[in-house]
Structures are given as structure tokens and as C-alpha cells.
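Both backbone and side-chain heavy atoms feed into the values below; hydrogens, waters and symmetry mates do not.
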Amino acid sequence: MKLIIAIVQDEDAGRLIGKLMDEGFGVTKLATTGGFLRAGNTTLLVGVEDNKFDDAMKVIEKVCKSRKQMAASPSTLSGTQGAYSSYPIEVTVGGATVFVLSVDQFIKL
Ligand code: 2BA
């Protein structure tokens, strides 16, 4: 068994959960925050049998879209007086950031 940890954009989360559930996967949704943008995103935990792993990944790949977002650059030191400035930069977020873990045991009590 594998545990898929998928960090996705909030905009894709509802549809992704629906599609995964329709295909019989168990899903847990966590409300999370990205460290760089400091904006909300969604982390899904999906436990899948090895023979269903590819099917689950296909659903994630199909639903999750990459999008461009504006973010403030990290502050940079400028001038001699130690003034800090930041400027907007464009970043491409997603489709999905996925971690795959092997599961030792899956227990329901
Ligand atoms: P955030 O940390 O808010 O990052 C949002 C997007 O900002 C990233 O999209 C990437 O395009 C950009 N970005 C992140 N760090 C950057 C940096 N130091 N300099 C320039 N641009 C940077 P994604 O790569 O698609 O990541 C989407 C979200 O997935 C991240 O949101 C974070 O919540 C999670 N994530 C990505 N890589 C991760 C990792 N190695 N470990 C844990 N979570 C991760």
C-alpha cells in the first residue's frame, strides 16, 4: 500500500476529492498554508493499494492545473542605510506537489 500526500490548490481541491471518491478512493483533506506564498492550499492524504496507485495519480494529474500567481519577492537589502525593499514576482504554482510513501501497516480499529 502507498500513501499519497498531494498538495494542491484550493481551486482544484473540491473537484479532485469528488473524482477520487467517485473512483472509490478514501481521502482526507487538510487545510494547509504554503510557506512561500503564505496562502492557503489543500493537502490530501490518499491511501491506495499498490495496484490502484497509477489510477489515483492519473486522476490527480488530470484535475490539477498549474496557475500563475503574483507574490512579493523576499526582501532585499538596498542602499547604505539598510533599507529593505520587495517587488512583485510571478510564480507558477502546481498542478500538484506529490509525496509518495510506502505504508507499513494500515489499521482501522
Ligand atoms: P508555496 O510554498 O506557497 O509555494 C508556491 C509556489 O511558489 C511554488 O509552487 C513555486 O512555484 C514558488 N516557490 C516556492 N518556493 C520558492 C522560492 N524559494 N523561490 C521562488 N519561488 C518559489 P509549487 O512548487 O507548485 O508548490 C506549491 C505548494 O506545494 C507550496 O506552496 C508548498 O505548500 C508545497 N510544496 C512545494 N514543494 C514542497 C516541498 N519540497 N516540501 C513541502 N511542501 C512543498
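- By the rule that hydrophobic residues join a cluster once side-chain heavy atoms approach within less than 4.5 Å of another member, Val27 and Met1 end up as members of separate clusters.
- Here the closest heavy-atom approach between residue Val93 and residue Gln69 is recorded as CG2-OE1, 3.8 Å.
- Connection of Ile89 to Leu37 is established within a shared hydrophobic cluster, with ILVMFWY side chains joined at heavy-atom distances below 4.5 Å, either directly or through further cluster members.
- The distance from the CG atom of Leu16 to the OG1 atom of Thr42 is 9.5 Å, given to the nearest 0.5 Å.
- Linking Ile, Leu, Val, Met, Phe, Trp and Tyr residues whenever their side-chain heavy atoms come within less than 4.5 Å leaves Leu30 and Val46 in two separate clusters.
- Two residues are said to be in side-chain contact when any heavy atoms from C-beta on lie closer than 4.5 Å; Asn41 and Gln9 fail this criterion.
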> Between Arg67 and Thr92, is a side-chain contact (heavy atoms from CB on, under 4.5 Å) present by the stated rule, with each step listed?
Replying inline: CA-CA 6 Å; Arg67 295 181 182 84; Thr92 302; over 6 Å; no
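- Nearest heavy-atom pair across Cys64 and Gly95 is CB-O, 3.5 Å.
- Nearest heavy-atom pair, Leu20 versus Ala56, reported as atom, atom and distance to 0.1 Å: CD2-O, 4.2 Å.
- When side chains are defined from C-beta on, Val98 does not count as touching Ile5, because their heavy atoms never get closer than 4.5 Å.
- Residue-environment remark: CD (Glu61) stays at or below the threshold of 12 foreign heavy atoms within 6.0 Å.
- Rounding to the nearest 0.5 Å places CG of Leu3 at 9.0 Å from OG1 of Thr28.
- Nearest heavy atom pair, residue Val103 against residue Lys2, reads CG2-C, 3.6 Å.
- Look at Asp12 and Lys65 and you find no salt bridge, because none of the NZ, NE, NH1 or NH2 atoms lies under 4.0 Å from a carboxylate O.
- Pairing each heavy atom of Lys108 with each of Phe106, the nearest pair is CE-CZ, 3.5 Å.
- Within 6.0 Å of NZ on Lys52 lie no more than 12 heavy atoms contributed by other residues, nucleotides or ligands.
- Here the options are Thr43, Asp10, Leu44, the test is side chain to side chain contact (heavy atoms under 4.5 Å, CB included), and the partner is Thr32; only Thr43 passes.
- Cluster annotation: Leu45 and Phe99 are assigned to the same hydrophobic cluster (Ile/Leu/Val/Met/Phe/Trp/Tyr, side-chain heavy-atom contacts under 4.5 Å, transitive).
- A continuous path of Ile, Leu, Val, Met, Phe, Trp and Tyr side chains, each step under 4.5 Å between heavy atoms, connects Met57 with Ile17, placing both in one hydrophobic cluster.
- The structure places CZ of Phe53 at 11.0 Å from NZ of Lys58, a figure rounded to the nearest 0.5 Å.
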Checklist entry - Between Phe25 and Asp55, is a side-chain contact (heavy atoms from CB on, under 4.5 Å) present by the stated rule, with each step listed? => result CA-CA 10 Å; Phe25 295 105; Asp55 295 341; 4.1 Å; yes
